[in-house]
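Since the structure comes first, as structure tokens, the remarks are kept for the end.
Note: hydrogens, waters and symmetry copies are ignored here, and every other heavy atom, side chains too, is used. By convention here, the first residue in the shown sequence is residue 1.
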Amino acid sequence: MGELGGKVALVTGAARGIGRAVAEVFVREGAAVMIADLADSDGAATAATLRDAGGQAAYTAADVTQDAEAMVAATVATFGRLDILVNNAGIFYNADALIAPFADWLKAVDVIFYGAFHCSRAAGRVMVAQGQGGRIVNVSSVNAFLGMAQSSHYNTAKGAVDQLTRCLAVEWAPHGILVNGVAPGFVDTPMSIVAGVNELETPDFQDIYVRRRRIPLARAAQPAEIAEAVCFLASPHCSYITGHTIVVDGGLSVTF
């Protein structure tokens, strides 16, 4: 039995990218996983692939801005309990702070921050009622503490997620619920494609981040590398860490 044997996890935004990689690692380590996403075909296919490999996995169609209670209830109904929540659902698009409609600016905050809050609260209530503690892992970003043009919506939302991590860690510690985060840098996922262009393949990225080593490890991360950090924070090995966000960015944020 793996590190998460007997545990039940809910992973949002798990149909693709980092979320899917987290689900794969969790199943490898023995957890039963509920995959929550709006991408029905990809989400159902991911769950089926994990089941075909011998794991316990199910899919529920869910919007984190509206369906937090429903996805938590579906997890408990399917697997009997909930031990781990990974708030991974997110969106990214460019938004000029001078001219972008406020509704466009707010959409990222709704999904990334309010989605994480609603899901954490729904899951936290179940964990408290179970009386056996739990783990919540928030997928943040180096954007939470770095500035970037046309990204005030996304960076602000990720910064709020980091503060949510700290506050919930303090508030829910008496219940044995550890709340931590992981902050990736560049990751090779579908979110790397912005306005039809894969930012990891552009000449600027290859020159600045790879050839000139703005990322000291000179490459983007693979989703599995982020998933392993999430798995550590969800595992019994993480027993005295709470309220912290681990940066997994190949050294990007420590260079200048």
Side-chain angles (χ1 to χ4, degrees), residues 1-64 67-91 111 115-116 119-120 122-123 126-127 130 132 134-140 178 180-182 184 187-193 220-238 246 248:
M1 186 175 290
E3 299 291 346
L4 302 178
K7 301 297 185 182
V8 174
L10 168 60
V11 184
T12 69
R16 299 182 293 263
I18 292 172
R20 175 172 178 148
V22 169
E24 290 171 345
V25 170
F26 278 10
V27 166
R28 182 197 73 196
E29 293 300 325
V33 180
M34 178 61 78
I35 293 162
D37 208 299
L38 286 174
D40 285 346
S41 58
D42 289 342
T46 295
T49 298
L50 294 174
R51 288 194 299 270
D52 290 345
Q56 296 184 72
Y59 170 71
T60 184
D63 181 338
V64 295
D67 304 323
E69 298 284 350
M71 72 177 77
V72 168
T75 305
V76 174
T78 302
F79 297 117
R81 59 182 296 108
L82 176 59
D83 304 290
I84 302 162
L85 167 67
V86 179
N87 286 309
N88 170 72
I91 54 176
V111 173
C119 291
S120 295
V126 170
M127 292 174 184
Q130 290 172 170
Q132 297 177 345
R135 299 285 196 278
I136 296 175
V137 183
N138 296 319
V139 178
S140 179
L178 277 59
N180 289 294
V182 169
V187 186
D188 188 6
T189 72
M191 197 175 286
S192 299
I193 300 174
Q222 292 301 307
E225 294 176 298
I226 311 304
E228 294 291 354
V230 173
C231 186
F232 164 71
L233 292 173
S235 78
H237 293 297
C238 176
I246 297 176
V248 188

Step-by-step side-chain contact (heavy atoms from CB on, under 4.5 Å) determination, Glu228 to Val248 = CA-CA 10 Å; Glu228 294 291 354; Val248 188; over 6 Å; no

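Residues Gly90 and Val111 come closest through the heavy atom pair CA-CG1, 4.0 Å. The minimum heavy-atom distance linking Ala57 with Ala47 is given by the pair CB-O, 3.9 Å. Of all non-hydrogen atoms in Val182 and Pro184, the two that sit nearest each other are O-CD, 3.3 Å. The two residues Ala9 and Thr75 have their closest heavy-atom pair at O-CG2, 4.5 Å. Contact detail for Gly115 and Asn87: the closest heavy-atom pair is O-OD1, 4.4 Å. Residue Val27 comes nearest to Leu50 through the heavy atom pair CG2-CD1, 4.0 Å, listed as atom of the first residue, atom of the second, then distance.
Interatomic distance, Arg135 CZ to Ser235 OG, rounded to the nearest 0.5 Å: 7.0 Å. Atom CG of residue Asp188 and atom CD1 of residue Ile226 lie 11.0 Å apart, to the nearest 0.5 angstrom. Here CE of Met34 is found 10.5 Å from CE of Met71. Values are rounded to the nearest 0.5 Å. Put simply, CG on Leu233 and CG on Leu178 are 9.0 Å apart, with the number rounded to the nearest 0.5 Å. Distance SG/Cys119 to CG/Asn88: 11.0 Å, rounded to 0.5 Å. Note: Thr46 OG1 to Ile35 CD1 = 5.5 Å, rounded to the nearest 0.5 Å.
Within the 3.5 Å criterion, the main-chain N or O of Leu4 finds no donor-acceptor partner in the side chain of Glu29. The closest donor-acceptor contact from the side chain of Asp83 to the backbone of Val8 lies under 3.5 Å. Remark: the backbone N or O of Ala39 is not paired with any side-chain donor or acceptor of Arg16 at under 3.5 angstrom.
Of the charged side-chain nitrogens involved, none lies within less than 4.0 Å of a carboxylate oxygen, so that Glu24 and Arg28 do not count as a salt-bridged pair.
Each of Asp37, Asp42, Thr78, Asp40 was compared with Tyr59 under the side chain to side chain donor-acceptor pair (under 3.5 Å) criterion, and only Asp40 meets it.
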